[in-house]
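Each chain gets a letter, A, B and so on, in the order the sequences are listed, and its residues count up from 1. Side chains are part of it too, since the values below use all heavy atoms of this structure and drop only hydrogens, waters and symmetry mates.
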There are 2 protein chains.
Amino acid sequence: MSRKATLKDVARRAGVSYQTVSKVLRDQMRVSPEVRERITAAVAELGYRPNVVARNLRAKTSHLIGYSWQPDRQGYFNPILEEFEQSIVCAAEEFGYHILLFPQGEGAEQAETYRDLVITGRVDGFILSGIEYHDPRIPILQRLQVPLVAFGRTESDPPSAYVDVDGGIGVQQAVEHLVAQGHRRIAALAWPEYSRVGNERLAGYFQAMAAAGLPVDPAWIVRGESDYNYGYMAMQQFLALPPAQRPTAVVTMLDLIAIGAMRAIEERGMTVGRDIAVIGFDDTPVARYLKPALTSISQPAWEVGQHVVRLLVSQLSGETTGCQQILLPSKLVIRESSLGYQPAEQERAHV
Amino acid sequence: MSRKATLKDVARRAGVSYQTVSKVLRDQMRVSPEVRERITAAVAELGYRPNVVARNLRAKTSHLIGYSWQPDRQGYFNPILEEFEQSIVCAAEEFGYHILLFPQGEGAEQAETYRDLVITGRVDGFILSGIEYHDPRIPILQRLQVPLVAFGRTESDPPSAYVDVDGGIGVQQAVEHLVAQGHRRIAALAWPEYSRVGNERLAGYFQAMAAAGLPVDPAWIVRGESDYNYGYMAMQQFLALPPAQRPTAVVTMLDLIAIGAMRAIEERGMTVGRDIAVIGFDDTPVARYLKPALTSISQPAWEVGQHVVRLLVSQLSGETTGCQQILLPSKLVIRESSLGYQPAEQERAHV
DNA sequence: ACACCACAGGCGAACGTTCGCCTGGATTCA
DNA sequence: TGAATCCAGGCGAACGTTCGCCTGTGGTGT
């Protein structure tokens, strides 16, 4: 095995032309059982495996899928994307594809990167995550006419394929759950207005509040970035409100934000759950081990990955099958941080 | 741009042979300024980029690096590997390589996967993580004569390249820190004996205890897997020991284990830090946000990735440069969970 | 004026496949 | 028995590069 065996080596050993070997191995040709036997024997003896580079050159394909992902800010963790990545790798393998990772660059340089990967024939298609409004990657790739599937709703024209999690449903469930626990003043720690994902989730909040016939005080909606401090500061802001206006429950966009909020509550000498309920998002692995255990909204990241790959492979094999846009529900996971609510004195008087 | 431009297209436009274009673009040939100008103009107009598949076929290379990684058990999170992965992707790109992900299979099937990736010419080399004693992947790849660099110490013969974090140093620092805080009975929540990484870290513990002249009670060493429950149960076990034998500080192998231990302490009505100090490992992003904030040992995962890629690329370019084994130090990050120790009455009497 | 050399640039071949068409011998049918 | 049919298998070409060698021209030294 000093040199890798090629079709010609196998052919010489089997006493046929190398093209015949190629065809037989791919079941493209009927041959006598005897010849077939000689060929398979030669393949086994030489340990022959087709050279994918040569194959790809001929077929103008690479059987590689590019996965564009943005390196996380230091210290920010995203278990959802981690699970998603594992999912697409496993799914791709089943279809005979592999995942090529590349970091997402900035602006024009980024466009060049995509163009390069496509034009140089490195990848056959793309998977994108972290889709935001007017994501610049979509038009770039559409102009290159390369198949793509996004994890996240896209609003391009023509429409492009995507799979997304309906975060609104989870938030809606969360609000309903809080209402059932007796909460009436429910706040939301949202993301900035430019965040598509954040707005979709927030919509679930408004919908559920309206459905429950509860008013929404503008002071209950605070927007900020994905970090602990935002949750901490925003909760302090809530706690500074007069008791009658102060929310008794908070829905957040991220577990880390929820953790910040929980800390602010505790530092005020209050108890999370009993005094103020807190709900996170993503159901980070540690959520269940926090004290109190954090109620959170979990995303079916694995399923998303499976669907994404399935859609992309169907595009790559030329099938223009119907619906290329899939929405999966998120799901509320109830734990201690949203249980045990005991309204304060004046509250109970009101009810 | 309906069809991708090739060397021949550029050559036709520039009025030279396509081989000349190839050589000029790679600076392998001196040409008249005039011809060079015509060629670069043609390249720009056609948006030509060399087809990497064809190039790789000719050069018998793929410029792809395989990264073998084991899908995590559900709910287990490993921010270290996440950071490591991002690091190798970025570093590889700088050298003109890309990272190909593939899930690690089991046993014989696994060997077949590696063989396939190499023999079919898909990847030029491998990066491995999660190295354990007698890792089966090393001999497989060595037999295939394919360059590899591991994240984790290997003890193969002939030796193979690796980069690893010296976890022992961090544990040593942790113990020294605990001793400085006044602790004398320090326990260790270790990993099973088959864990190479665990044993290396535990060695740091023994070394530091010996250096401080402190005896180690066998009851203080407990072994278990990487989960919350192990930390929780083991700590309960410690708490059941008679006060004079009970450890006042615990060093663990993972933040999640430390979290379990903290919970057991709190449930017993004791205070982490003041009564019993707890130290984690990996410095997970949430560690600083726990209550109390968790002292932990951080690994320079990003640097490890940079070194791994550098070593691999040097192997791939045929350089047999000297030292191919690098050990980077881990570092103790002190937070509340190991501060504020106040020995109980009888302890102070002893001192 | 002749041999020599440097150098710009061309040309054929090779990398390992896959694809489409061709060939020649055996089989079938009238 | 002759022509039409079938089928196993061969052959040349192509995918887009890179590599090594060859050629022709212009300049230089004697």
Side-chain angles (χ1 to χ4, degrees), chain A residues 1 3-40 42-43 46-64 96 116-124, chain B residues 1 3-40 42-43 46-64 96 116-124:
Chain A
M1 204 183 301
R3 211 180 99 259
K4 291 170 193 164
T6 72
L7 273 184
K8 294 190 183 177
D9 298 325
V10 175
R12 205 171 308 127
R13 194 172 189 107
V16 292
S17 78
Y18 68 93
Q19 295 95 331
T20 300
V21 176
S22 169
K23 287 172 187 165
V24 168
L25 290 182
R26 286 173 301 124
D27 269 327
Q28 297 261 340
M29 191 185 206
R30 295 179 49 84
V31 289
S32 67
E34 172 199 9
V35 169
R36 161 164 263 119
E37 175 54 36
R38 285 215 308 275
I39 291 178
T40 53
V43 164
L46 295 172
Y48 169 79
R49 307 259 40 216
N51 178 317
V52 289
V53 176
R55 172 177 285 180
N56 291 342
L57 172 61
R58 183 65 231 229
K60 286 175 186 277
T61 185
S62 66
H63 274 251
L64 250 39
D116 240 57
L117 284 166
V118 176
I119 300 224
T120 62
R122 245 197 210 293
V123 305
D124 291 347
Chain B
M1 205 182 302
R3 211 181 98 259
K4 289 172 195 165
T6 72
L7 272 185
K8 295 191 182 176
D9 297 325
V10 176
R12 205 172 308 124
R13 194 172 190 109
V16 292
S17 79
Y18 68 92
Q19 295 96 331
T20 300
V21 175
S22 169
K23 287 173 188 168
V24 169
L25 290 181
R26 286 174 301 125
D27 269 328
Q28 297 261 341
M29 189 184 206
R30 294 179 50 84
V31 289
S32 67
E34 173 200 9
V35 169
R36 161 164 263 119
E37 175 55 35
R38 285 214 310 274
I39 291 178
T40 53
V43 165
L46 295 173
Y48 169 79
R49 306 258 43 214
N51 179 318
V52 289
V53 177
R55 172 176 286 181
N56 291 342
L57 172 61
R58 183 64 231 231
K60 288 175 184 274
T61 184
S62 67
H63 275 250
L64 250 39
D116 239 58
L117 284 167
V118 176
I119 300 222
T120 61
R122 247 195 211 292
V123 305
D124 292 346

**Prompt:** Whole Å only: how far is the NZ atom of A:K8 from the C1' atom of D:dC11?
**Reply:** 12 Å
**Asked** Below 4.5 Å, heavy atoms only, C-beta onward: do B:N51 and B:K4 meet side chain to side chain?
**Response** no
**Message:** Is the phosphate of D:dG16 approached by B:R58 (side-chain N or O, under 4.0 Å from OP1 or OP2)?
**Reply:** no
**Message:** Tell me if a side-chain donor or acceptor on A:R49 pairs with a main-chain N or O of B:T120 at a distance below 3.5 Å.
**Reply:** no
**Message:** Which residues in residues 17-25 of chain B have a heavy atom closer than 4.0 Å to any atom of DNA chain C?
**Reply:** B:S17, B:Y18, B:Q19, B:T20, B:K23
**Request:** Kindly indicate whether the side chain of A:Y48, heavy atoms from C-beta on, has any atom under 4.5 Å from the side chain of A:L25.
**Result:** yes
**Message:** We want to know whether B:S22 and B:R26 form a side-chain donor-acceptor pair, criterion being a heavy-atom distance below 3.5 angstrom.
**Reply:** yes
**Complete:** To the nearest angstrom, the NE2-P distance between A:H63 and C:dT17 comes to 15 Å
**Message:** In whole Å, I'd like the distance from the CG atom of B:D9 to the P atom of D:dC15.
**Reply:** 10 Å
**Prompt:** Over how many whole Å does the gap from B:L57 atom CG to C:dA13 atom P extend?
**Reply:** 18 Å
**Flag side-chain contact, heavy atom, 4.5 Å: B:R122 against B:L64** = no
**Item:** Those residues of residues 28-40 of chain A lying under 4.0 Å from DNA chain D by at least one heavy atom
**Value:** A:M29, A:R30, A:V31, A:S32, A:V35
**Prompt:** Does B:R55 make a side-chain donor-acceptor contact with the base of D:dT17, cut-off 3.5 Å?
**Reply:** no
**side-chain N/O A:R26 vs C:dT17 OP1/OP2, d < 4.0 Å** = no
**Request:** Evaluate the side-chain proximity of B:H63 to B:V52: yes if any heavy-atom separation is below 4.5 Å, no if none is.
**Result:** no
**Complete:** Separation of D:dG16 atom C1' from A:I119 atom CD1, nearest Å, is 15 Å
**Prompt:** To the nearest Å, how far apart are B:N56 CG and C:dA14 C1'?
**Reply:** 16 Å
**Request:** Tell me whether the OP1 or OP2 atom of C:dA14 has a side-chain N or O from B:K60 closer than 4.0 Å.
**Result:** no
**Prompt:** Does the side chain of B:T6 come within less than 4.5 Å of B:D9's, by heavy atoms?
**Reply:** yes
**Message:** Take a 6.0 Å sphere around CD of B:E34 and say whether it holds more than 12 heavy atoms from other residues, nucleotides or ligands.
**Reply:** no
**Item:** Spacing between B:L7 atom CG and D:dC19 atom C1', to the nearest angstrom
**Value:** 13 Å
**Request:** Mind checking B:V16 for me? I need base, sugar-phosphate or nothing, with any heavy atom below 4.0 Å counting as a touch.
**Result:** sugar-phosphate
**Atom-to-atom span, CG of A:D27 to C1' of C:dT18 - whole angstrom** = 15 Å
**Message:** Does any part of the side chain of A:V53, heavy atoms only, come nearer than 4.5 Å to the side chain of A:L57, both counted from C-beta?
**Reply:** no
